[in-house]
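In what follows, a structure is listed as structure tokens, so that the remarks can point back to it.
Just so you know, ligand 1 is whichever comes first in the structure, and atom 1 is the first atom listed for that ligand.
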Amino acid sequence: MAAKPVAKRLVVLVSGSGTNLQALLDAIETTGAEAYGAEIVAVGADRAGIEGLARAERAGLPTFVCRVKDHGSREEWDRALAEAVAAYEPDLVVSAGFMKIVGKEFLARFGGRFVNTHPALLPSFPGAHGVRDALAYGARVTGCTVHFVDDGVDTGPIIAQGVVEIRDEDDESALHERIKEVERRLLVDVVGRLARNGYRIEGRKVVIQ
Ligand code: GAR
């Protein structure tokens, strides 16, 4: 008899509205955790009072908040964040709109299994304003990138990308909404495939088995 599939454990980190988190929650609810390959075991944030945390609470998930300003230094915050995440023993950690750069300790523990989604086609337009920067540059296409996190800013190995055309009438908000429609589908697809199939990182290449 074939072994029963086991759902991988995900911790999701958010800083804002959490629509990418919601897409993961909906996919898991619809598909079932075992068939999808993963379940969310906790949601963490770097700030309180955000819709991303409210979504997690409505889904009955444990949440935690780890704020930089509650710690003596950025290193102490990084260590505390790593501890808070580790307490849930995740197989994968997903940064879904988490607007903080993690440090050495976090990467030492979760490097190679920390996935981020970014609203631009990396390596173009890294950083906190990927949508605004692509518009200001006059790019005609942009999109989203799901990648593993390394010690640079949005520089880690790319797993998958989605393309979105920029329209003449776009402002940052309209463009970001269209990117997020593509991004949510991409993130759900990528996280499920990583969890179900396993993967290897070979230099800059990610091979999903
Ligand atoms: C997403 O578009 C994500 O790519 C972006 O924040 C948005 C979060 O949306 N992240 C970054 O810009 C990271 N540099 P959500 O809270 O509705 O999921």
Side-chain angles (χ1 to χ4, degrees), residues 10-29 38 40 42-59 61 63-68 74 78 81 92-103 106-107 110 114-137 139 141-166 170-192 194:
L10 307 180
V11 169
V12 180
L13 300 178
V14 294
S15 297
S17 64
T19 66
N20 281 283
L21 164 67
Q22 189 67 54
L24 288 166
L25 287 168
D26 292 348
I28 293 166
E29 165 95 16
I40 299 175
V43 174
D46 62 332
R47 62 199 76 184
I50 55 172
E51 181 59 17
L53 287 173
R55 289 176 193 277
E57 281 155 17
R58 287 197 291 273
L61 291 171
T63 62
F64 59 89
V65 175
C66 190
R67 299 190 301 185
V68 173
R74 191 81 186 193
D78 183 57
L81 180 70
L92 284 173
V93 183
V94 180
S95 158
F98 186 62
M99 301 303 281
K100 286 281 182 302
I101 306 293
V102 300
F106 194 94
L107 286 175
F110 300 109
F114 183 29
V115 174
N116 180 46
T117 179
H118 179 77
L121 293 174
L122 295 171
S124 292
F125 313 118
H129 305 292
V131 180
R132 189 187 305 172
D133 293 346
L135 260 182
Y137 195 85
V141 292
T142 186
C144 48
T145 302
V146 179
H147 66 99
F148 284 107
V149 178
D150 68 5
D151 60 2
V153 176
D154 300 324
T155 53
I158 290 170
I159 310 168
Q161 295 184 297
V163 176
V164 174
E165 279 193 35
I166 298 181
D170 268 336
D171 60 12
E172 184 179 355
S173 150
L175 178 57
H176 200 172
E177 278 313 310
R178 284 208 319 291
I179 291 171
K180 282 168 72 167
E181 283 171 24
V182 175
E183 186 177 28
R184 290 190 280 262
R185 287 196 296 273
L186 190 72
L187 185 67
V188 164
D189 174 64
V190 165
V191 169
L194 292 172

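- With a 4.0 Å cut-off on non-hydrogen atoms, Lys180 touches ligand 1 through its side chain and not its backbone.
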- List the steps, then state whether side-chain contact (heavy atoms from CB on, under 4.5 Å) holds for Val102 with Asp78. CA-CA 6 Å; Val102 300; Asp78 183 57; 3.9 Å; yes
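- Counting heavy-atom neighbours within 6.0 Å of Glu165 CD, excluding the residue itself, gives a total of 12 or less.
- In this structure, His129 does not count as a contact residue of ligand 1, since none of its heavy atoms falls inside 4.0 Å of the ligand.
- Nearest protein heavy-atom neighbour of atom 3 (C) of ligand 1: Glu183 OE2, 3.3 Å.
- The shortest heavy-atom distance from Gly18 to ligand 1 is under 4.0 Å.
- At under 3.5 Å, not a single nitrogen or oxygen of Asn116, backbone or side chain, sits near a nitrogen or oxygen of ligand 1.
- Regarding atom 5 (C) of ligand 1, its nearest protein heavy-atom neighbour is Pro119 CD, 3.8 Å.
- Close approach of ligand 1 to Met99 is summarised as follows: ligand atoms under 4.0 Å from at least one heavy atom of the residue are 10 (N), 11 (C), 12 (O), 13 (C).
- Inter-residue side-chain proximity for Thr117 and Val190 is flagged as unmet; no heavy-atom pair is nearer than 4.5 Å.
- Here CD1 of Ile40 is found 5.0 Å from CG of Leu24. Values are rounded to the nearest 0.5 Å.
- By the neighbour-count criterion of 12 heavy atoms within 6.0 Å, atom CD of Glu172 is densely surrounded, having more than that number from other residues, nucleotides or ligands.
- Protein heavy atom nearest atom 7 (C) of ligand 1, with residue, atom name and distance: His176 NE2, 3.9 Å.
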- Task: Could you give me the CA-CA distance, side-chain angles and deciding distance for Arg47 and Met99, then say whether side-chain contact (heavy atoms from CB on, under 4.5 Å) is met?
- Result: CA-CA 10 Å; Arg47 62 199 76 184; Met99 301 303 281; 4.2 Å; yes
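- Residue contacts with ligand 1 include Gly127, since one of its heavy atoms falls under 4.0 Å from the ligand.
- Contact atoms of ligand 1 toward Gly97: 6 (O), 8 (C), 10 (N) (distance under 4.0 Å to a heavy atom of the residue).
- Within the model, atoms CZ of Phe64 and CG of Leu53 stand 9.5 Å from one another, a figure rounded to the nearest 0.5 Å.
- Residue-ligand proximity, Thr117 to ligand 1, at heavy-atom distances under 4.0 Å covers atoms 3 (C), 4 (O), 10 (N).
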- Message: Set out, in order, the CA-CA distance, both residues' side-chain angles and the distance that settles side-chain contact (heavy atoms from CB on, under 4.5 Å) for Phe114 and Leu13, then state yes or no.
- Response: CA-CA 10 Å; Phe114 183 29; Leu13 300 178; 4.2 Å; yes
